[in-house]
Number of protein chains: 2
Amino acid sequence: MNDPIASQHTSSSVEDYVKAIWELAGANAASTKEISKRLRLSGASVTNMLGRLKEMGLVNYERYHGASLTEEGCAQALRIVRRHRLIESFLLEQLGYSWGEVHEEAERLEHAVSDEFTERLAEFLGHPARDPHGDPIPRADGTLERDESFRLDEAAAGQLVRISRVNPENPSMLNYLGKHGLVPGQTLTVNEIRTVDGVVTIEDEDGKSYSLGRPLAASLFVQGVVEPTNTYPVEPTTTYPS
Amino acid sequence: MNDPIASQHTSSSVEDYVKAIWELAGANAASTKEISKRLRLSGASVTNMLGRLKEMGLVNYERYHGASLTEEGCAQALRIVRRHRLIESFLLEQLGYSWGEVHEEAERLEHAVSDEFTERLAEFLGHPARDPHGDPIPRADGTLERDESFRLDEAAAGQLVRISRVNPENPSMLNYLGKHGLVPGQTLTVNEIRTVDGVVTIEDEDGKSYSLGRPLAASLFVQGVVEPTNTYPVEPTTTYPS
DNA sequence: GAGATTGTTTAGCCTATACTAATCCTATAA
DNA sequence: TTATAGGATTAGTATAGGCTAAACAATCTC
Ligand SMILES: [Mn+2]
Ligand SMILES: [Mn+2]
Ligand SMILES: [Mn+2]
Ligand SMILES: [Mn+2]
């Protein structure tokens, strides 16, 4: 059914398109506009590529109705995302890159490394579960830890939460958050969610409090801190981003 | 004089051409044929690219008379070779790649890493002077340790020599040499150089002896082991391969 | 239901980098 | 000095992946 030869040589362009669709829409369809905005390409270029991705069996696409990943396309996307997040981890933890620098470098390297390299790197790093931004690293078998976190500005006042991940898109926000220790793993108390302007006031473990504007608050993803109620160990997985 | 913008975006093709000329000819001119054989491209493709490399100021080229690197081209080549050899070192020493596997992976990665990555990797590895094959790693400033080694089959019978590098081109030979500990640093005694068939008989530090056919003997580069006669520390450098 | 708006596609074009086949040069050998 | 073999170039073509401008479709507003 699938041509295993064809699925070998995906160019870096193809890989970036497939990844973009996965990040934008998960299992749903992404529009031409969304993709073109994210990849900073003209709409015409995207239309053209969607046709070719369809030929390659990587997306379902009908003109004027966007594109969604096929199973093959989703598998490809996960492969690239795994590479990306492992490489980011390496850059930060081993080479001493800063939080804001890792993304750009990984964006290029993800297309150049082999599966061999990827798995050896995973081994070298001790098979990390999450990247420096708290995003789960897809496993070699193509499964992904489900992420149950929500945006900080959607928390409730008084709630005790833990930062699980941050939006990696904006380097200057990353920079600010990193400087103040607002990184994955940090526990926070939500003091106030002000509906007027969206400012969220929080207090960290050391009792230091911050007032974060909506853009910053929306780029912090948290999970409620609760006593575990599970009696049996269930680890839900998915293949799409949260 | 030089356009600093133009020298920024060298594609991976351009980088491979420049590196090939450096490896084939050093400061001299490489012929279209030589380049096409090394890169496994048609002669027509090479002719075409040489014209463009000339436009970019990377080579001196006159049709029918081969191409030699300009200063700018040589600097580019050294940058790529530095990346290549540092990456090879990382793959072998840190990720557990075997001798035969490192070259192919480095051949792709050398085009994807940034200067930032390269220098952080050099730091991470402790600024190694040579790669796993014994080839000197160009320094960040564009200088290169001069290599005074000669082919094992050009040694003299009875001579005491040390392996300084091995030809990295042939994976199966690398494999054989690696398996028998015939790696850079190993000291050997040359027992016989048989002119009839080119077989070289050597003895390693443990007294084990080998008879190497011409192809194998020619892919081992050695230096004579002598007492140092230098009274002042001179470290000769160059920008071209030996 | 008719425009107006906005997103999408088509048409036409461009560059980089390959290829083959045909032609042209150069150097060597007689 | 000239024929010739082999290397080099040209001519013509292909593919991937971009672009702009113009035409077209879907949706939103009145
Ligand atoms: Mn990318
Ligand atoms: Mn990340
Ligand atoms: Mn290469
Ligand atoms: Mn090497």
Side-chain angles (χ1 to χ4, degrees), chain A residues 3 5-21 24-25 28-68 73 76-77 80 107-108 110-112, chain B residues 3 5-21 24-25 28-69 73 76 80 107-108 110-112:
Chain A
D3 185 355
I5 308 290
S7 52
Q8 293 320 81
H9 280 301
T10 53
S11 67
S12 54
S13 290
V14 166
E15 290 174 349
D16 277 337
Y17 272 93
V18 165
K19 185 159 68 96
I21 296 170
L24 285 167
N28 304 313
S31 71
T32 300
K33 192 70 188 297
E34 288 173 306
I35 299 169
S36 81
K37 207 165 21 153
R38 170 160 266 248
L39 297 180
R40 300 161 179 280
L41 297 171
S42 73
S45 299
V46 173
T47 296
N48 177 265
M49 180 61 97
L50 291 182
R52 292 200 291 124
L53 293 178
K54 183 181 183 177
E55 287 307 298
M56 296 181 230
L58 297 174
V59 303
N60 307 117
Y61 168 55
E62 267 166 299
R63 45 196 171 352
Y64 292 105
H65 295 287
S68 63
Q76 287 292 336
I80 306 304
E107 198 56 54
R108 268 174 296 107
E110 66 190 357
H111 311 293
Chain B
D3 184 356
I5 309 289
S7 54
Q8 293 319 83
H9 280 302
T10 52
S11 68
S12 54
S13 290
V14 166
E15 291 175 348
D16 277 338
Y17 273 92
V18 166
K19 184 159 68 93
I21 296 170
L24 285 167
N28 305 312
S31 71
T32 301
K33 191 71 188 298
E34 288 173 307
I35 299 169
S36 82
K37 205 161 30 149
R38 171 159 266 245
L39 298 179
R40 299 159 180 281
L41 297 172
S42 72
S45 300
V46 173
T47 296
N48 177 264
M49 181 61 98
L50 290 183
R52 293 200 291 123
L53 293 178
K54 183 182 183 176
E55 286 308 297
M56 295 181 230
L58 296 173
V59 303
N60 306 118
Y61 168 56
E62 266 167 300
R63 45 195 170 353
Y64 292 106
H65 295 286
S68 62
L69 294 173
Q76 288 292 334
I80 305 305
E107 199 56 54
R108 267 175 295 108
E110 65 190 357
H111 311 293

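So you know, we letter chains A, B, ... as the sequences are listed, proteins then strands, and number each from 1.
Closest heavy-atom contact between A/Ser45 and A/Leu41: CB-CB, 4.5 Å. For the residue pair A/Ile21 and A/Ala67, the shortest heavy atom distance occurs at CG2-O, 3.9 Å. In this structure, B/Ala20 and B/Leu39 approach most closely via the heavy-atom pair CB-CD2, 3.9 Å.
Remark: C1' of C/dA18 and CG of B/Leu39 are 13 Å apart, rounded to the nearest angstrom. Summarising the geometry, the separation between CG on B/Leu53 and C1' on C/dA18 is reported as 15 Å, rounded to the nearest angstrom. We find that CZ of A/Arg52 is positioned 16 Å from C1' of C/dT9, with the value rounded to whole Å. The separation between B/Glu55 atom CD and C/dT17 atom P is 14 Å, rounded to whole Å. For B/His9 and C/dA16, the NE2 to P distance is 13 Å, given to the nearest whole Å.
Contact between the side-chain N/O atoms of B/Ser42 and the OP1/OP2 oxygens of C/dC19 is found at a separation under 4.0 Å. For C/dG7, neither phosphate oxygen OP1 nor OP2 lies less than 4.0 angstrom from any side-chain nitrogen or oxygen of A/Ser31. Distances shown here put every side-chain N or O of A/Tyr64 at or beyond 4.0 Å from the OP1 or OP2 atom of C/dT6. Between B/Arg63 and the phosphate of C/dC25, there is no side-chain N or O to OP1/OP2 separation shorter than 4.0 Å.
In terms of position on DNA chain D, the residue among A/Asn48 and B/Gly43 whose nearest nucleotide sits closer to the 5' end is B/Gly43. Between A/Ser45 and A/His65, it is A/Ser45 whose nearest contact on DNA chain D lies nearer the 5' terminus.
In this structure, B/Glu107 CD and B/Ile80 CD1 are separated by 10.0 Å, a value rounded to the nearest 0.5 Å. How far CG of A/Asn48 is from CG of A/Leu53: 9.5 Å, rounded to the nearest 0.5 Å. Put simply, CZ on A/Arg52 and CE on A/Met49 are 4.5 Å apart, with the number rounded to the nearest 0.5 Å. Rounding to the nearest 0.5 Å places CD of B/Glu15 at 3.5 Å from OG1 of B/Thr10.
Counting 5' to 3', DNA chain D first comes under 4.0 angstrom of a heavy atom of chain A and last does so at the ends given by D/dA16 to D/dA25.
Using a 4.0 Å heavy-atom distance criterion, A/Ser13 is classed as a sugar-phosphate-only contact.
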